[in-house]
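Have a look at this one before I ask anything.
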Protein chains: 2
Amino acid sequence: MTERGYDGFAIDEVVARASVAKTTLYRRWPSKDHLLVALVARIQDEVEVADTGDIRRDLTVYLTAVATGLDRMRRVGRDGAGEADRSAGVVAELVAAAARHPDVGDAVRGMFARRNALPLRPLDRARERGALPTGISSEVVFDQLAGALYYRLLITGAPIGADYVQELVDQVLSTATTASHPDGT
Amino acid sequence: MTERGYDGFAIDEVVARASVAKTTLYRRWPSKDHLLVALVARIQDEVEVADTGDIRRDLTVYLTAVATGLDRMRRVGRDGAGEADRSAGVVAELVAAAARHPDVGDAVRGMFARRNALPLRPLDRARERGALPTGISSEVVFDQLAGALYYRLLITGAPIGADYVQELVDQVLSTATTASHPDGT
DNA sequence: CGCATTTCGATACAGCCGTTGCGTTACCCA
DNA sequence: TGGGTAACGCAACGGCTGTATCGAAATGCG
């Protein structure tokens, strides 16, 4: 999979290399999509989120980690290290697999949910300190942040650099900033 | 395609119903993915965006139209009208197709770009009126809005109701509101 | 009308995913 | 140690996408 990407990744070759009958593989993973999500679950490294009290910094660190992780999965199966095509790679296949099989969808959503639950606590704490607007759920705020990243990755294909992440966080937190620092800093 | 969804949509049956040789079809659309994006380009209806001067209302109308359009595409190929499964349906296949073939990716990005360029002008005009924070590009603002919708559709599978759209717009515009109405209304 | 070029059709085929049927091996436990 | 259950292996197959080959039809043009 990491060698040739999703297309060049054939079940027949997997069973040949594993010296295993195709029947056995299909007993464990009932489709190629199931196998894919199991692979990604292995590849995915843990993302931890700090909770230092500086919500701007915490969010920036977290989103940067997510962005680099996505960029890494974007390049899975491409040989050229600097391959600059605007493709979502394996993430797009993951999304499609989740849409095809309900149980795969549950698994994929569970994967993302574990990662995405992390910054909710810092967000809630920041709101308690008055660093976030009231009346807006942390979930919506998080949807905007993560959504912008996935939107660029999957839909527009626009690059996701460190400056973009910073601009994103600034825009979301601008309410709180103008509230606590009316001079706009 | 609209009858049975992406899976039950077989090239062999298409050419049979069209009374056309498979060779001919493949001369026009060099893969099933190419055919898919051509179909979606036909299905996709035009979304127009108002520019009344009330940016909050304009954005809400636009995003609601986008959300209902996505929800319609989400149900393509499912018989039950009230089919409430949390699947991204044809949109996910579109994203995967765009990731597989570079030219399909260009076409899909072009489709989305045409729709997404629409609200940029009202956003820019609103900023000129001081109804948006300075220093933040309209593109980032739009990424947050559209991104949240696609994120819910493709990743979390969470529902996208009218109240959610409203909450989204309110959060994004809260900066401007507090700036022009410091009492918080 | 005659001819060349382009387009289309039909069939067969390769590669892949996923399934079926059945025989064989490994494992567990009395 | 023996027997029964569970897991595995093997080969073949069906359905699908995409390709190749070659023949037939249509179209444009002098």
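By convention in this document, chain letters (A, B, ...) are assigned in the order of the sequence lines, proteins followed by strands, and residues within each chain are numbered from 1.
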- [ ] State, to 0.1 Å, how close A/Val172 and B/Gln144 come at their nearest heavy-atom pair, and which atoms those are.
- [x] CG2-OE1, 3.7 Å
Open item on the list: Give me each pair satisfying salt bridge (Lys or Arg N to Asp or Glu O under 4.0 Å) with a member in residues 147-159 of chain B, each pair once, sequence neighbours excluded.
Closed with: A/Glu139-B/Arg152, A/Asp143-B/Arg152
- [ ] Could you list the residues that satisfy side chain to side chain contact (heavy atoms under 4.5 Å, CB included) with B/Val20, not counting sequence neighbours?
- [x] B/Ala18, B/Thr24
Task: Rounded interatomic separation in angstrom, taking CZ from B/Phe9 and C1' from D/dG15 - done: 16 Å
TODO: Go through residues 11-19 of chain B and report each residue with a non-hydrogen atom lying under 4.0 Å from DNA chain D, sorted by number.
DONE: B/Ile11, B/Asp12
Task: Nearest-Å distance for atom pair CG/P, residues B/Leu36 and D/dT17 - done: 12 Å
TODO: Using atom CG of A/Leu35 as one end and atom P of C/dC16 as the other, report the distance to the nearest whole Å.
DONE: 16 Å
Open item on the list: Expected output is a numbered-order residue list: members of residues 20-28 of chain A with a heavy atom under 4.0 Å from any atom of DNA chain C. What is it?
Closed with: A/Lys22, A/Thr23, A/Tyr26
Task: Distance (rounded to the nearest 0.5 Å) between A/Phe112 CZ and B/Tyr151 OH - done: 7.5 Å
Task: Atom pair CG/CG of B/Leu59 and B/Leu168 - distance to nearest 0.5 Å - done: 9.5 Å
Task: Shortest non-hydrogen separation from A/Ala67 to A/Val165 and the atoms involved - done: CB-CG2, 4.5 Å
Open item on the list: Among residues at least two apart in sequence or on other chains, which ones pass side-chain hydrogen bond (donor to acceptor under 3.5 Å, both in side chains) with A/Arg125?
Closed with: A/Asp51
Open item on the list: Nearest whole Å is fine: how far is D/dG18 C1' from B/Arg100 CZ?
Closed with: 14 Å
Task: B/Ser138: side chain to side chain contact (heavy atoms under 4.5 Å, CB included) partners, not counting sequence neighbours - done: B/Leu120, B/Leu123, B/Asp124, B/Arg127
